[in-house]
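One structure is given here, and the rest of the page talks about it.
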Amino acid sequence: MHKFLRAIGFSDITKKDLEMILDEVITRPEIMKITKDSEGNEFAELSGSFAANAGITVRGTYQEDDSFHMDYYYPYVFGTSITTNEQIDVEKHAEKESYAGVCDEVNLGVTLIFYIQNVADYLAETNRHLSKIHYGAMLAGLSTEGKILCPVVERKKNDVPAIQKNDRHNQRIAQAREGDEDAIESLTLEDMDTYALLSQRVMKEDIFSIVKSTFMPFGIESDQYTVLGEIIDCVTMENKLTHEKLYGMKLLCNNIQFDVCINEKDLLGEPAIGRRFRGNVWMQGNLCLE
């Protein structure tokens, strides 16, 4: 069974129960999309929700007798706002008709890779020979392990200089990617200064009182990350079948926003706006298509 089923409220599900749930999604899907896959074969995407913006998607094909053959399924949570407007490159997974989005988001400092949710829409657009260049995605993550941390106490100050500083930093990163040696040198010196400052402060302070947010790859799978971000919105949800309590949080992490869904059983602490969430997430997203 899928590891992240517990993130949407199926923590104690059995194989037999899962088969019944998948049959229900296939028989009475809330969302049905049918198109052609990359090889010209029929491709069907059926989804059923079990909490607000969260549920299970089944992908496969319909047979000649109208029976459905399932290739695979996965739990999902939809993002509620656009996370990035950068160019998204789409790569197909080798073993099945699923796709990953790859994005160089300057705010993160790492290449962002996520599991694409709206594959049927992407394939339909590709079949119509529309542009293969995509910009923007609405991201969200499922988590099976997380903690709530206190916010970092900061002195009151004008946010405009910080915004301008971040814009200048992103501009230098863009210039460095184009081979600008001055920008590369400037970024190198900035990293050295930051490292020296952290080395001094970490001797007397806890690391999480210094680092406000982080976004780092986790494990060997390319679309999983360890994140630390400020909670800017939080809602309580309930799985309508199991009645397990879920938390839906919108995080501000490295100046980008995305949603995270986690089971109450897997979260240590009480989430609230202004506090921080630290945990491992499987990143998913909807491409912003035409």
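Keep in mind that what you see is a predicted model, and the values were worked out from it rather than measured.
Counted by atom type alone, Glu244 and Asn263 present one or more donor-acceptor pairs between their side chains at under 3.5 Å. Side-chain atoms of Tyr99 and Glu97 include a donor-acceptor pair closer than 3.5 Å. With 3.5 Å as the limit, one finds no donor-acceptor pair spanning the side chains of Ser38 and Lys92. There is no side-chain donor-acceptor pair under 3.5 Å between Thr144 and Asp266.
The ring-ring contact (aromatic ring centres under 6.0 Å, His included) contacts involving residues 221-257 comprise Phe215-Tyr225, where partners must be two or more places apart or lie in separate chains.
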Can you list the steps and then say if Met249 with Ile262 is a side-chain contact (heavy atoms from CB on, under 4.5 Å)?
CA-CA 8 Å; Met249 297 172 284; Ile262 187 171; 3.8 Å; yes
Quick one, Asp71 with Lys96, criterion salt bridge (Lys or Arg N to Asp or Glu O under 4.0 Å). Give me CA distance, side-chain angles, the key distance, then yes/no.
CA-CA 8 Å; Asp71 290 334; Lys96 54 189 176 184; over 6 Å; no
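When all heavy atoms of Gly229 and Leu251 are compared, the closest pair comes out as O-CD2, 4.1 Å.
The shortest side-chain heavy-atom distance between Asp259 and Val77 does not fall under the 4.5 Å cut-off. A heavy-atom distance below 4.5 Å is found between the side chains of Val25 and Phe50. The closest side-chain heavy-atom distance from Leu108 to Thr84 is not below 4.5 Å. Looking at heavy atoms from C-beta onward, Ile88 lies out of side-chain contact with Ile116 at the 4.5 angstrom threshold. Leu287 places none of its side-chain heavy atoms less than 4.5 Å from the side chain of Asp121. Looking only at side-chain heavy atoms (C-beta outward), Ile148 and Phe277 come within less than 4.5 Å of each other.
Residues meeting the side-chain hydrogen bond (donor to acceptor under 3.5 Å, both in side chains) test with Asn118, sequence neighbours left out: none.
Using a distance-only test at 3.5 Å, with no hydrogens or angles considered, no donor-acceptor pair links the side chain of Arg275 to the main chain of Leu149. In this structure, Tyr115 contributes its side chain and Ser98 its backbone to no donor-acceptor pair below 3.5 Å.
Lys240 has a carboxylate O that lies under 4.0 Å from a charged side-chain N of Glu30, or vice versa, which qualifies the two as a salt bridge. Comment: Asp37 does not engage Arg59 in a salt bridge, judged by the lack of any side-chain N to carboxylate O separation of less than 4.0 angstrom.
The cluster map of Ile, Leu, Val, Met, Phe, Trp and Tyr, joined by side-chain heavy atoms under 4.5 Å apart, puts Ile34 and Ile26 in the same cluster. Taken together through direct or relayed side-chain contacts under 4.5 Å among Ile, Leu, Val, Met, Phe, Trp and Tyr, Val260 and Phe218 form parts of separate hydrophobic clusters.
Within the model, atoms CD of Glu125 and OG1 of Thr35 stand 11.0 Å from one another, a figure rounded to the nearest 0.5 Å. In this structure, CZ in Arg28 is found 13.0 Å from CG in Leu46, a value given to the nearest 0.5 Å. Annotation: the span from Ile82 atom CD1 to Leu139 atom CG amounts to 10.5 Å, rounded to 0.5 Å. His2 NE2 to Leu18 CG: the interatomic distance, rounded to the nearest 0.5 Å, is 11.0 Å. To the nearest 0.5 angstrom, Glu270 atom CD is 8.0 Å from Cys234 atom SG. Lys265 contributes atom NZ, which lies 10.0 Å from atom CG of Leu246 (distance to the nearest 0.5 angstrom).
Summarising the local packing, CG of Asp66 is surrounded by 12 or fewer heavy atoms from other residues, nucleotides or ligands at distances under 6.0 Å.
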